[in-house]
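Every heavy atom of this structure was used, including side-chain atoms; hydrogens, water molecules and symmetry mates were not. Remember, it's 1-based here, ligands and their atoms both numbered in the order they're listed. One-based numbering along the sequence shown.
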Amino acid sequence: MTASRATPSSAEPNFTTRISRFAPSPTGRLHLGHAFSALAAHDLARAGGGQFLLRIEDIDPTRARQAHVDGIVADLGWLGLSWDGPVVRQSQRLAVYATALDRLKALGLAYPCFCTRAEIAASAAAPQGPAGPVYPGTCRHLPAAERTQRMAGTPHAWRLDMAAAVARTGPLSWHDHGAGWVAADPAAHGDVVIARKDAPVSYHLAVSVDDAAQGVNSIVRGTDLFATTDIHRLLQALLGLPTPAYFHHPLLVDAAGRRLAKRDGARALADLRAAGADPAALVAELRAMREALGFVLPSA
Ligand code: GLU
């Protein structure tokens, strides 16, 4: 998966007190894949007397629902997972993200983007990156006057000037428990969005800022976010934030080998709960799956 990016390793980062988190977006019901992820993050922290945090990633104003937040809390409680401290909600932290965005602007690394999704998709120049089409750079070099004029009247996102950002930080690496040291390649993602048109921040910026603010030093999440970590590593370097250790886990798949998705309602934890499933047995099964998948966590 990442062997070509692995660098000769020094030791794995070793935090004496692990602080991990589960950071779901309340845009649907939790399924078994979420339970697997939350349990692994929980177990990693608890094994060494560390802390396990719950953060609700509700920056998407059109898709986040309070009913899903309530469902997440109920599901985790049913599984017997407890978290430390208050539940942090990203929607309450917009001022903090604005400060981080201002910092990137002040460094000359951010520019407003007026393009629609359809325009970007239609651009023949848009190559594929690890997580979708790479932005072709249409708005990167707009004349200052045009930029100012359009900003006044048009909703816009903010993008990171990737080439300038990478030139500023130089080579970066991060550590994954399974893959070892990884040489980051954020440039493959192009000029990523750091503040959305419909929200004053993007996932990448919010997650980077929050993990640092909450002291999270051990991030457990699905391998679908592996390549994305290169972007987060870059933002950490630009904003002077510490770099956590990463534990990307394999994704659970159904009998047909398809990845479990939120829309796969049959496997929603709420349905299992309603059907009277035994949460302790489920937790034991998820831990056994972890072993079977070869995702073995350090015990302290
Ligand atoms: N909020 C993201 C999701 O639900 C996960 C973020 C992360 O673990 O970094 O997919």
**Report entry** Tyr203: numbered ligand 1 atoms lying under 4.0 Å from its heavy atoms
**Finding:** 6 (C), 7 (C), 9 (O)
Query raised in the report: Any chance the side chains of Ser82 and His42 put a donor and an acceptor closer than 3.5 Å?
Result: no
Query raised in the report: Below 4.0 Å from any atom of ligand 1, is there a heavy atom belonging to Arg21?
Result: yes
Requested in this report: Report yes or no: do Ser37 and His249 form a side-chain donor-acceptor pair below 3.5 Å?
Outcome: yes
Requested in this report: Taking only heavy atoms of Ser25 into account, list the atoms of ligand 1 that are under 4.0 Å away from them.
Outcome: 1 (N), 2 (C), 3 (C), 4 (O)
Requested in this report: For Pro186, enumerate each residue passing the side-chain contact (heavy atoms from CB on, under 4.5 Å) test, keeping only those at least two apart in sequence or located in another chain.
Outcome: Met162, Val166, Ala184, Asp230, Leu234
Query raised in the report: Against heavy atoms of Val207, which atoms of ligand 1 measure under 4.0 Å?
Result: 9 (O)
**Report entry** Glu57: numbered ligand 1 atoms lying under 4.0 Å from its heavy atoms
**Finding:** 1 (N), 2 (C), 5 (C), 6 (C)
Requested in this report: Could you go through the salt bridge (charged side-chain N to carboxylate O under 4.0 Å, His left out) check for Glu119 and Arg117 one step at a time?
Outcome: CA-CA 5 Å; Glu119 281 166 350; Arg117 227 177 260 259; over 6 Å; no
Query raised in the report: Counting from 1, what ligand 1 atoms have a heavy atom of Arg221 closer than 4.0 Å?
Result: 7 (C), 8 (O), 9 (O)
Query raised in the report: What ring-ring contact (aromatic ring centres under 6.0 Å, His included) pairs are there with at least one residue in residues 74-111, not counting sequence neighbours?
Result: none
Query raised in the report: Does ligand 1 have any atom sitting under 4.0 Å from a heavy atom of Phe22?
Result: no
Query raised in the report: Does any donor atom in the side chain of Gln214 or Arg55 lie under 3.5 Å from an acceptor atom in the other side chain?
Result: yes
Requested in this report: May I ask you to check if ligand 1 and Ala23 share an N or O to N or O distance below 3.5 Å?
Outcome: yes
